[in-house]
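Structure record follows, encoded as structure tokens.
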Amino acid sequence: MSTPNESPRQSRPPAGKMSPVHMLILIVGVLLSVASPAVLANSGPVLLGLTLLAGGLALIIIGAAGLGRGIQAQSPMTPDDETDASAYPTRLVGQLDPALSRWMWLLKWLLAIPHYIVLSILWIAFLVVTVAAGLVILFTGRYPASLFQFTVGVLRWNWRVSFYAYGVLGTDHYPPFTLARTDYPAEFDVAYPAKLSHWKVLVKSWLLALPQLLIVAALTGGVWASTDGSNTGSANGISLLSLLVLITALILLFTGVYRLGLFNLLMGINRWIYRTITYTALMRDDYPPFRLDQGPLEPPAERRDVGNVPL
């Protein structure tokens, strides 16, 4: 089996434990927020619907802040004023498993269902926290640290599941149920920003990020178009990312080999996607580079500044 040239893995903290109380608060908040539109749509009491919405949003923020505080002190990435200015502030890594099963990928859609359920809740909270953080940044220029660590944790959890399942298929080790850093072979982190622009928060996610979003859409959206019986164009087919994963899976099934070139390319595509998410989620002002950094590890700092455009 082909494996990437790996540097020795650094010792990492054991799997962090999330606060069950704050997780429960967040889940209740998400459920209340989701239920409020249904109450309003069914001609329920307007006051009740608005109360459910306001209470749900407040519980989401409380739960997310509590979960974020649980991992805040563990951050291995230093703040802006302590890091090399040439280093891009995200870190996405993944170590290819040298002993992948030929057939397990056929069942990973089933095995990953518990993670998909939890992530569906966390992503709703992620959107709420991003909007709330945007309001704080607009007036203070700072992203609340506990909420920042929560959003990084959601992206970290999502990346682990993607690396395990149909984003890379890079390992057969089951992902842990935690927002914190662990010894899992796939990790993601973002350096906490010392200061963020007050005004960019108004235009980053939709205007400044538009070129990056178009590229990500090309990588992850359907690449084949079809026309239905009514001559109305509709997008169908499989994304470039999914196609590459499918080719990788079929090669693995019949040969037992994970091609190194495909792995490096998939890592580069995912690295581009997560940098763009980080920027559009208001977590950094550093504009993502138009660069496909392939391989299991982030490139050296002296290469990261090439193509990094400040906006």
Side-chain angles (χ1 to χ4, degrees), residues 16-72 109 112-162 175-180 188 190 192 196 198-207 209 213 274 276-283:
K17 293 183 179 179
M18 297 187 301
S19 166
V21 175
H22 289 105
M23 189 65 181
L24 179 60
I25 291 173
L26 184 138
I27 293 174
V28 172
V30 169
L31 294 177
L32 290 178
S33 300
V34 171
S36 60
V39 172
L40 296 173
N42 291 310
S43 301
V46 175
L47 182 59
L48 175 60
L50 295 177
T51 301
L52 289 176
L53 179 60
L57 295 178
L59 290 177
I60 289 174
I61 298 300
I62 294 171
L67 291 170
R69 282 192 295 271
I71 58 176
Q72 182 175 351
W109 67 271
I113 286 178
H115 280 285
Y116 293 148
I117 294 174
V118 178
L119 282 171
S120 66
I121 296 173
L122 291 176
W123 273 109
I124 294 174
F126 182 95
L127 294 175
V128 173
V129 168
T130 298
V131 173
L135 293 175
V136 176
I137 295 169
L138 181 62
F139 292 103
T140 69
R142 295 185 66 87
Y143 199 123
S146 59
L147 296 181
F148 182 87
Q149 292 300 332
F150 170 79
T151 53
V152 174
V154 174
L155 293 177
R156 181 182 298 119
W157 193 324
N158 195 85
W159 166 235
R160 289 180 189 140
V161 176
S162 179
F177 287 86
T178 180
L179 298 166
F188 178 79
V190 183
Y192 180 71
L196 292 169
H198 293 265
W199 66 269
K200 284 183 183 178
V201 71
L202 299 173
V203 294
K204 275 200 302 187
S205 298
W206 63 277
L207 180 59
L213 293 173
Y274 278 80
T276 301
I277 295 175
T278 299
Y279 182 76
T280 56
L282 312 177
M283 300 164 71

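Here the shortest heavy-atom pairing between Ile27 and Ile121 reads CG1-CG2, 4.2 Å. Nearest approach of Val201 to Leu138, heavy atoms of both residues: CG1-CD1, 3.8 Å. Across all non-hydrogen atoms, the minimal contact from Val39 to Leu52 is CG2-CD1, 3.8 Å. Heavy atoms only, all atoms of each residue included: Tyr143 and Met283 are closest at CE1-CG, 4.1 Å. Closest approach of Arg142 to Val136, counting heavy atoms only: O-CG1, 3.6 Å. Closest of all the heavy-atom pairs between Pro144 and Tyr192 is C-OH, 4.2 Å.
Atoms CD1 and CD1, on Ile124 and Ile60 in that order, are 7.5 Å from each other to the nearest 0.5 Å. Atom CD1 of Ile137 is separated from atom CG of Leu196 by 5.0 Å, given to the nearest 0.5 angstrom. Taking CZ of Phe126 as the start and CG of Leu119 as the end, the distance is 11.5 Å to the nearest 0.5 Å. For the atom pair Leu50 CG and Ser36 OG, the distance stands at 8.0 Å (nearest 0.5 Å). In this structure, CG in Leu48 is found 8.0 Å from CG in Leu40, a value given to the nearest 0.5 Å. Distance OG/Ser162 to CZ/Phe188: 12.0 Å, rounded to 0.5 Å.
Side chain of Thr280 to backbone of Ser205: no donor-acceptor contact under 3.5 angstrom is found.
Here side chain to side chain donor-acceptor pair (under 3.5 Å) pairs that include residues 112-127, with residues two or more places apart or in two chains, are His115-Trp157, Trp123-Asn158.
The closest side-chain heavy-atom distance from Leu179 to Met23 is not below 4.5 Å. With contacts defined as side-chain heavy-atom distances shorter than 4.5 Å, the pair Phe150/Leu122 qualifies. Between Arg156 and Ile71 the shortest side-chain heavy-atom distance falls below 4.5 Å. Residues Leu24 and Val28 meet the side-chain proximity criterion, which asks for heavy atoms closer than 4.5 Å. At least one side-chain heavy atom of Ile61 sits less than 4.5 Å from a side-chain heavy atom of Val129.
In this view, Leu135 satisfies the side-chain contact (heavy atoms from CB on, under 4.5 Å) rule with no residue, not counting sequence neighbours.
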